There are 2 protein chains.
Amino acid sequence: MGATKTDQFTNRQNELATLSKALGHPARIAIIEFLLKTDACICGDIVNQLPLAQPTVSQHLKELKTAGLIKGTIEGNAICYCINDTIWYKYRGLLNFLFENYELKNNKCCYKNIKPKGL
Amino acid sequence: MGATKTDQFTNRQNELATLSKALGHPARIAIIEFLLKTDACICGDIVNQLPLAQPTVSQHLKELKTAGLIKGTIEGNAICYCINDTIWYKYRGLLNFLFENYELKNNKCCYKNIKPKGL
DNA sequence: TTTATTCATTGCAATATTACGATAAATAAA
DNA sequence: TTTATTTATCGTAATATTGCAATGAATAAA
């Protein structure tokens, strides 16, 4: 075992899980934030921003790229990374589906059938 | 190695990463969706909804609980799970921070300094 | 061409995740 | 009390993630 049973879930569930997982590391959050707030998205700048070695950053960039959240363009001997806005908006859309199609029923859940202990 | 360097990132980055990571599996997305759309959040119902064995579901529930996204209340010999709305709104807030404080500069990134190849 | 710069890849060790059978713990039902 | 129901935990196997030194590949600069 050890492999996620992807085929047992919907595409939407898998897609949101994949994108969430890609953001499931503080370094990758930091990378996304850096790319969101700056035009200068040369790989070296990202490496300098993070408290991690260059190969480690490269690996995180690869994961974000695999998830589709970022893309890279060759510029001379450097590589310019940026947010992939198509997937970024898709991610927002998947989250909005979750946030807007349901209404939290705070006081109806977990308490309706409680029998007080000790009575 | 193998352990995330949590102390090198901000609380906000770590919190968003932790919550994102908790949602980084389709089964946990499915659990959250089920809890969002129903009042009946007895653990057994969740197990029946998922294509996974009971111990595996229990483990996913534990991860969501550890991240703070859900909470459980004992009801007789069953346990009623529900969304922890405090953390749920915190998650939404952390995401909104990301979505609203930055503006995608689609056409300014990755193309401004490109020297056409072959010229 | 030679050297420097930039980034990816490889290889490895440590740790974490995913999944489930078996079993334990706790309450409910008979 | 005995049995059933419900959920958590343990143990284990397979796989994935995290991190980095060393190295490779590619372009830039000298």
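By convention in this document, chain letters (A, B, ...) are assigned in the order of the sequence lines, proteins followed by strands, and residues within each chain are numbered from 1. Only a predicted model underlies this, so the values are computations on that prediction, with no experimental measurement involved.
- Partners of A:I87 by side-chain contact (heavy atoms from CB on, under 4.5 Å), not counting sequence neighbours, listed by chain and number: A:L19, A:L69, A:N84.
- Residues passing the side chain to side chain donor-acceptor pair (under 3.5 Å) test with A:T10 are A:Q13, sequence neighbours excluded.
- For A:V47 and A:T6, each mapped to the nucleotide of DNA chain C holding its nearest heavy atom, the one lying further toward the 5' end belongs to A:V47.
- Partners of A:T6 by side-chain contact (heavy atoms from CB on, under 4.5 Å), not counting sequence neighbours, listed by chain and number: A:T4, A:N14.
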N/O contacts under 3.5 Å, protein versus nucleotides 3-5 of chain C?
| residue | atom | partner | partner atom | Å |
| --- | --- | --- | --- | --- |
| C:dT5 | O2 | A:N77 | ND2 | 3.1 |

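- To the nearest angstrom, P of C:dT18 lies 11 Å from CZ of A:F9.
- Residue B:Y81 places none of its side-chain N or O atoms closer than 4.0 Å to OP1 or OP2 of D:dT6.
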List the atom pairs, donor and acceptor, that lie under 3.5 Å between side-chain atoms in residues 51-58 of chain A and the rest of the protein, sequence neighbours left out.
none

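- Residues from residues 19-27 of chain B that place a heavy atom under 4.0 Å from any atom of DNA chain C, listed by number: B:K21, B:H25.
- DNA chain C lies under 4.0 Å from at least one heavy atom of each of the following residues of residues 52-67 of chain B: B:L52, B:A53, B:P55, B:T56, B:Q59, B:H60, B:E63.
- Here the P atom of nucleotide D:dT7 and the NZ atom of B:K71 are 19 Å apart, to the nearest Å.
- A salt bridge (Lys or Arg N to Asp or Glu O under 4.0 Å) check over residues 20-30 of chain B, counting only residues at least two apart or in different chains, returns the pairs B:R28-B:E63.
- A:N96 pairs by the side-chain contact (heavy atoms from CB on, under 4.5 Å) definition with A:F99, A:E100, not counting sequence neighbours.
- Contact of the B:L35 side chain with the B:I46 side chain is registered, since non-hydrogen atoms from C-beta on lie closer than 4.5 Å.
- Evaluation of the salt bridge (Lys or Arg N to Asp or Glu O under 4.0 Å) test over residues 46-56 of chain B, restricted to residues two or more places apart or in two chains, returns none.
- With sequence neighbours excluded, the residues satisfying salt bridge (Lys or Arg N to Asp or Glu O under 4.0 Å) with B:K90 are B:E15.
- Remark: A:K65 pairs with no residue by the salt bridge (Lys or Arg N to Asp or Glu O under 4.0 Å) rule, at least two apart or across chains.
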